[in-house]
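Whatever order the structure lists them in is the order used to number ligands and atoms, beginning at 1.
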Amino acid sequence: MEALFKERQDAIAAAERILIIGGGPVGMETAGEIAAHYGTTKQVTLVAAKGLMEDPNTPFSDKFKTAIKSKLESVGVTVAVNAGHVDLSQATTNDAGLIVGPATYKWQSGEGEFDLAIPCIGSRIVPPLIAASGWEDKLDGGSLKVNSNLQVDGCDGSVFALGDIAALKETKLAYYAGIQAALTAQNIKAAEAGKPLKAYTLHTQATSMVPVGPNLGAAEMSGMLMGNFPVKMLKGKALFVPPTWAGVGASAALAALK
Ligand SMILES: Cc1cc2nc3c(=O)[nH]c(=O)nc-3n(C[C@H](O)[C@H](O)[C@H](O)COP(=O)(O)OP(=O)(O)OC[C@H]3O[C@@H](n4cnc5c(N)ncnc54)[C@H](O)[C@@H]3O)c2cc1C
């Protein structure tokens, strides 16, 4: 992982014109981090086929989308929305998930020459784990269909799917995955004791926090909008790295890396 991380850093350092493909949080956070780190020494362009933060399950407000777009533009990122898909038919992504080397890229509303393209277009349709398991009939898109107790549909009840792999009509968040994990732990104990299982309550309001580098950003949390300061303090400064490492008992290992 360290080698992969370094490879990505080196590719970004070596490129002057960088194309970010995708208007979801991964694309926007990546564009914001590069712009914040390198300033205007890099030309960063983000192309979104549709709007920014398109989430069919829990749509985000226009105010939130406008706020992130203007923050990206304020740090020099060129943002093209509703631009149509970037043609990647001639492009080859390397093992680090990057398309390295000068090339012309075309999309419906424009085109440009870039030294590096970073596709941020979501995960693979069928994860290898599922493809190998023969469970393609249990898929809804790339995720596993579950019942209200997060048990995989069509299994005997002993298989649970939670986090990003579960086909739940809510935003994919580590925060929600944690709630699902606690509930599933309780439900496994309940099942062992022959007690009824508790159903999971879906989160139906838009929730996401998108930093634009360490100091700027916007959030919509259950419908409430937040600006630079809370986003910086809660996420932008360290991108949840310390609590994530602490969560797997690895704080000492993280400190040793610094
Ligand atoms: C840039 C970015 C920013 C984000 N920001 C936020 C945020 O601010 N707040 C928030 O709540 N969420 C955020 N998320 C979403 C959050 O990271 C995910 O929702 C969360 O990680 C999902 O957890 P998970 O355990 O389901 O999946 P993952 O974290 O993807 O973990 C899956 C694990 O399964 C392992 N695995 C895969 N295949 C196999 C196999 N065959 N056998 C064994 N292991 C396997 C993988 O190696 C990995 O460790 C963000 C995501 C991204 C990409």
Atom 35 (C) of ligand 1: any protein heavy atom closer than 4.0 Å: no
Looking at atom 11 (O) of ligand 1, would you say a protein heavy atom lies below 4.0 Å from it? yes
Protein heavy atom under 4.0 angstrom of atom 53 (C) of ligand 1, is there one? yes
Side-chain polar contacts of residues 145-152 - donor-acceptor pairs under 3.5 angstrom, sequence neighbours left out - could you list them?
from, atom 1, to, atom 2, distance (Å)
Asn147, OD1, Asn149, N, 2.9
Asn147, OD1, Leu150, N, 3.2
Asn147, OD1, Gln151, N, 3.0
Asn147, ND2, Gln151, OE1, 3.1
Gln151, NE2, Gly157, O, 3.1

Nitrogen or oxygen of Ala174 less than 3.5 angstrom from that of ligand 1: yes
At a 4.0 Å threshold, what atoms of ligand 1 neighbour a non-hydrogen atom of Gly163? 26 (O)
Nearest neighbour of atom 19 (O) of ligand 1 from the list Leu162, Val210, Asp164, Leu239, on a heavy-atom basis: Asp164
Can we say Lys69 and Glu73 salt-bridge, meaning some charged N sits less than 4.0 Å from an Asp/Glu carboxylate O? yes
Classify the contact between Phe240 and ligand 1 as side chain, backbone, both or neither, using a heavy-atom distance cut-off of under 4.0 Å. side chain
Smallest separation among heavy atoms of Cys155 and Trp135, with atom names: SG-CZ2, 3.8 Å
Tell me, which protein residue and heavy-atom name are nearest atom 42 (N) of ligand 1, and how many Å apart are they? Leu129 CD1, 4.8 Å
Does some non-hydrogen atom of the protein lie less than 4.0 angstrom from atom 28 (P) of ligand 1? no
Side-chain contact test, heavy atoms from C-beta onward, threshold under 4.5 Å: evaluate it for Ile18 versus Leu116 and give yes or no. yes
Per-atom contact, atom 8 (O) of ligand 1, protein heavy atoms, under 4.0 angstrom: yes
In plain terms, say whether Arg17 and Glu113 are close enough for a salt bridge, that is, a side-chain N and a carboxylate O under 4.0 Å apart. yes
Salt bridge Asp140-Lys169, side-chain N to carboxylate O under 4.0 Å: yes
Using a strict cut-off of 4.0 Å, indicate which atoms of ligand 1 neighbour a heavy atom of Val26. 1 (C), 53 (C)
Any idea which atoms of ligand 1 are less than 4.0 Å away from a heavy-atom of Lys172? 15 (C), 19 (O)
Does any part of the side chain of Leu52, heavy atoms only, come nearer than 4.5 Å to the side chain of Val81, both counted from C-beta? yes
Do protein heavy atoms approach atom 44 (N) of ligand 1 to less than 4.0 Å? no
Under 4.0 angstrom from atom 22 (C) of ligand 1, is there any protein heavy atom? yes
Relative to the heavy atoms of Glu29, which atoms of ligand 1 are at a distance of less than 4.0 Å? 1 (C), 3 (C)
Sidechain N-carboxylate O distance under 4.0 Å for Glu29, Lys235: yes
Under 6.0 Å from the ring centre and within 45 degrees of the ring axis: does the NZ or CZ of Lys232 meet both conditions for the six-membered ring of Phe229? no
Ligand 1 to Lys235, heavy atom cutoff 4.0 Å, flagged ligand atoms 3 (C), 4 (C), 5 (N), 6 (C), 7 (C), 8 (O)
Min side-chain heavy-atom separation Met28-Met53 under 4.5 Å: yes
Do you see a protein non-hydrogen atom under 4.0 Å from atom 5 (N) of ligand 1? yes
Can I get a per-line list of side-chain donor-acceptor pairs under 3.5 Å for residues 183-195, giving both atom names and the distance, sequence neighbours left out?
from, atom 1, to, atom 2, distance (Å)
Thr184, OG1, Gln180, O, 2.7
Asn187, OD1, Lys198, N, 2.8
Asn187, ND2, Lys198, O, 2.9

